[in-house]
Amino acid sequence: MKPTGPIPPYFTAPGPLAIAGRAAEDWAADRGTPLFVYDQAIVADRIATLRAALPPAVEIHYAIKANPYAPLLAAMAPLVGGLDVASAGELDMALAVKPAAHISFAGPGKRDAELEAAIRVGATLNLESEGEATRAVAIADRLGITPRLAVRVNPSFELKGSGMKMGGRPSPFGIDEARVPALVRRLIAAGADWRGFHIFAGSQALDTAAIIETQRATVHLARDLADRAGAMPPLVNLGGGFGVPYFAGDTPVDVTAIGAALGEVLEPGCAYAIELGRWLVAEAGVYLTRVVDRKDSGGETFLVVDGGLNHQLAATGNFGTVVRRNYPVMLARGGEPTETVSIVGPLCTPLDRLADRIAFPRADVGDVVALFLAGAYGATASPARFLGHPDAQEVLA
Ligand SMILES: *Cc1c(COP(=O)(O)O)cnc(C)c1O
């Protein structure tokens, strides 16, 4: 038997499970499965908790790639200071709910049409290379528009203990620290509206002390680069990287401690942002599937459910994890565990395993299985077309 991750504190085990005050089984019966349910009250609670913890000079930005479901974006937009996007498609989604002045566009390989779209509407481009800077300035000149340009820095340090490291090494993201001051001077000389720095050192970190240390280093780096460039950044985007507890033994980050430590190092008169994806939305989402088959093989019991890695790749351990471990999962109608089962999706590949040898109540065909932490990197981060099954439904509750 293998452990499962902790069920987010917003839900009660052993059940029956309710999502936004309604039985999970009712959601499944009403909307059909597979189904993602996102509870907007949980997202609002996360944002309020973080807002209360952070110094007032720090804006909260949402990195929409974590979950760009339009009704969720519309609900979140008034609650956050900015939206961070990484494609022209995401830019359009963000513009539907937020003024361009509060949208920044990062990501390598922005095509000319993407640079032009951002410049036309007045979104901030987080430049990822000198070449991109040259193209952006040329496009803005041709359009006769002053572009809003920030410089993404590839820091010489990394966020320790993060699941995905983004700094301290050769990188497709950002411009190496040493070359940043010259680029900032060049942008200002070209007449651009220089918007500041974007410094993102890693993702999915649960080590509060490491996040504090990285943020301190990031603030210092921004000041040092500003000194060398001879210009004050209007905004310093400190990145984010706050993780959520997916697996057994994981504990949440202490945002109160992070906010207090940040308050001690911020430069007066400078504006800051923290950009988060999963920390804001992961716990608000539950992925509901229905048991299609129950079978025994070689002494093991398998529950085969109607959706899997085609919708929730991350839960199968195939999205940025080295060792496959179990997400939190429960039988929607509740019950105490009485047997050991593996829960697999309907895809014809052994990769499609949602839970591996877990303790579970007796479940039969027709029962609803709930996978937690499905609010981030679910529907849009999974290979939906692989094997031709239907898309999952989504609903904002
Ligand atoms: C993906 C990404 C984020 C969000 O990461 P999370 O781990 O979901 O918080 C934030 N900023 C940038 C630049 C990103 O690429």
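We count ligands from 1, going down the list as the structure has it; atoms in each ligand are counted the same way.
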Can you check whether A106 has an N/O within less than 3.5 Å of an N/O in ligand 1?
-> no
Parallel, tilted or perpendicular: which describes the rings of Y38 and Y69, with under 30° parallel and over 60° perpendicular?
-> tilted
Do you see a donor-acceptor pair shorter than 3.5 Å between the side chains of E59 and H102?
-> no
Going by the 4.0 angstrom heavy-atom rule, the piece of A63 near ligand 1 is side chain
Identify whether the distance between the nearest side-chain nitrogen and carboxylate oxygen of R324 and D356 falls below 4.0 Å.
-> no
Report yes or no: does F200 have a heavy atom closer than 4.0 Å to ligand 1?
-> yes
Find all atoms of ligand 1 within a distance of less than 4.0 Å from any non-hydrogen atom belonging to S203, and give their numbers and elements.
-> 5 (O), 6 (P), 7 (O)
Are a donor atom and an acceptor atom from the side chains of R186 and T134 found within less than 3.5 Å of each other?
-> yes
Atoms of ligand 1 close to H198 [distance to a heavy atom under 4.0 angstrom, numbered from 1] | 13 (C)
Modelled atom types, side-chain donor and acceptor of T33 and D306, under 3.5 Å | yes
Which atoms of ligand 1 sit under 4.0 Å from any heavy atom of Y377?
-> 1 (C), 4 (C), 5 (O), 6 (P), 8 (O)
